[in-house]
Amino acid sequence: MAVTQDGTHKFGIEYSPITIDAKTYIAEALSFNKTASRVDIDDSNGEPVGSTIIPGRIEGSATIQLEGTDTAPAVGDSFNLASGEYTGDYIIQDVSETQSQGDYSKVSINFYKQLN
């Protein structure tokens, strides 16, 4: 059974579509995680006297649609989000195996925000 689109709006979310290495993909799901590390401060007896939080990288994951004969993005490819809270450049660090059903194909990716 072929996938049929009715209208001009492709299924996606706020940051969709995204362009990775000059190819445009529709993002079905996109989530972000603001990481951090906790550092405990101990006194001379080893008793905790305080803690501090050190912000880490912004990391994320997405499920993206592959159109026709498109191939999945590769580890190390980058993309830019130009609006919203998570504006910036991101680098792909993991790519799953492509999942297909009929004419519909998708792949999951993990990424992190580029520091500079």
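Computed from a predicted model, the values in this text were never measured in an experiment. When a residue number appears, it is its place in the shown sequence, counting from 1.
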Exercise for review: Could you pull out all residues at least two apart from D89 that satisfy side-chain contact (heavy atoms from CB on, under 4.5 Å)?
Suggested key: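 N80, Q114.
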Practice item. Mind checking side-chain contact (heavy atoms from CB on, under 4.5 Å) for I53 and listing every partner two or more places apart, or none if nothing turns up? Key: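 If we apply the side-chain contact (heavy atoms from CB on, under 4.5 Å) test to I53, skipping adjacent residues, the hits are A36, R38.
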**Study point:** Check: P48 and I41 side chains under 4.5 Å, non-hydrogen atoms
**Key:**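 They are not in side-chain contact.
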Practice item. Answer yes or no: is there a side-chain heavy-atom contact under 4.5 Å between I54 and V39? Key: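 Yes, at least one pair of side-chain atoms sits under 4.5 Å.
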Review point. OG1/T24 to CZ/F79 distance, rounded to the nearest 0.5 angstrom?
Key: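 Interatomic distance, T24 OG1 to F79 CZ, rounded to 0.5 Å: 13.0 Å.
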Review point. What's the spacing between E85 CD and K34 NZ if we round to 0.5 Å?
Key: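 Reported to 0.5 Å precision, the distance equals 4.0 Å.
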**Study point:** I64 vs I18, side-chain contact (heavy atoms from CB on, under 4.5 Å): CA-CA, chis, key distance, verdict
**Key:** CA-CA 9 Å; I64 57 175; I18 58 175; 4.0 Å; yes
Practice item. Looking only at non-hydrogen atoms, find the nearest pair between A72 and L66 and report the distance. Key: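 Taking A72 first and L66 second, the nearest heavy atoms are CA-CD2, 4.1 Å.
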Practice item. Sort and list the pairs that fulfil side-chain hydrogen bond (donor to acceptor under 3.5 Å, both in side chains) and have at least one residue in residues 43-60, not counting sequence neighbours. Key: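 Of all non-adjacent pairs touching residues 43-60, those that pass side-chain hydrogen bond (donor to acceptor under 3.5 Å, both in side chains) are D40-S51.
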Practice item. Go through the steps to decide whether L30 and F111 satisfy the test side-chain contact (heavy atoms from CB on, under 4.5 Å), and finish with yes or no. Key: CA-CA 10 Å; L30 191 62; F111 52 86; 3.6 Å; yes
Check your understanding: Does S78 have any side chain to side chain donor-acceptor pair (under 3.5 Å) partners at least two apart in sequence or in another chain, and if so, which?
Key ->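 Not a single residue meets the side chain to side chain donor-acceptor pair (under 3.5 Å) criterion with S78.
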**Study point:** Those residues that, when tested against K23, pass side chain to side chain donor-acceptor pair (under 3.5 Å) (two or more places apart)
**Key:**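 Counting only residues at least two positions away or on another chain, K23 forms a side chain to side chain donor-acceptor pair (under 3.5 Å) with T71.
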Practice item. Can you run down the ring-ring contact (aromatic ring centres under 6.0 Å, His included) pairs that involve residues 37-62, sequence neighbours left out, and say none if there aren't any? Key: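 Applying ring-ring contact (aromatic ring centres under 6.0 Å, His included) to every pair that reaches into residues 37-62, excluding sequence neighbours, yields nothing.
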Show which side-chain atoms of residues 90-98 pair as donor or acceptor with protein atoms under 3.5 Å away, not counting sequence neighbours.
| unit_1 | atom_1 | unit_2 | atom_2 | d |
| --- | --- | --- | --- | --- |
| Y90 | OH | Y86 | O | 2.6 |
| D94 | OD2 | N110 | ND2 | 3.4 |
| S96 | OG | S108 | N | 2.9 |
| S96 | OG | S108 | O | 3.4 |

Practice item. Indicate if L81 and Y112 have the same hydrophobic cluster label, given that clusters are the connected sets of ILVMFWY residues with side-chain heavy-atom separations under 4.5 angstrom. Key: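 Shared cluster, no.
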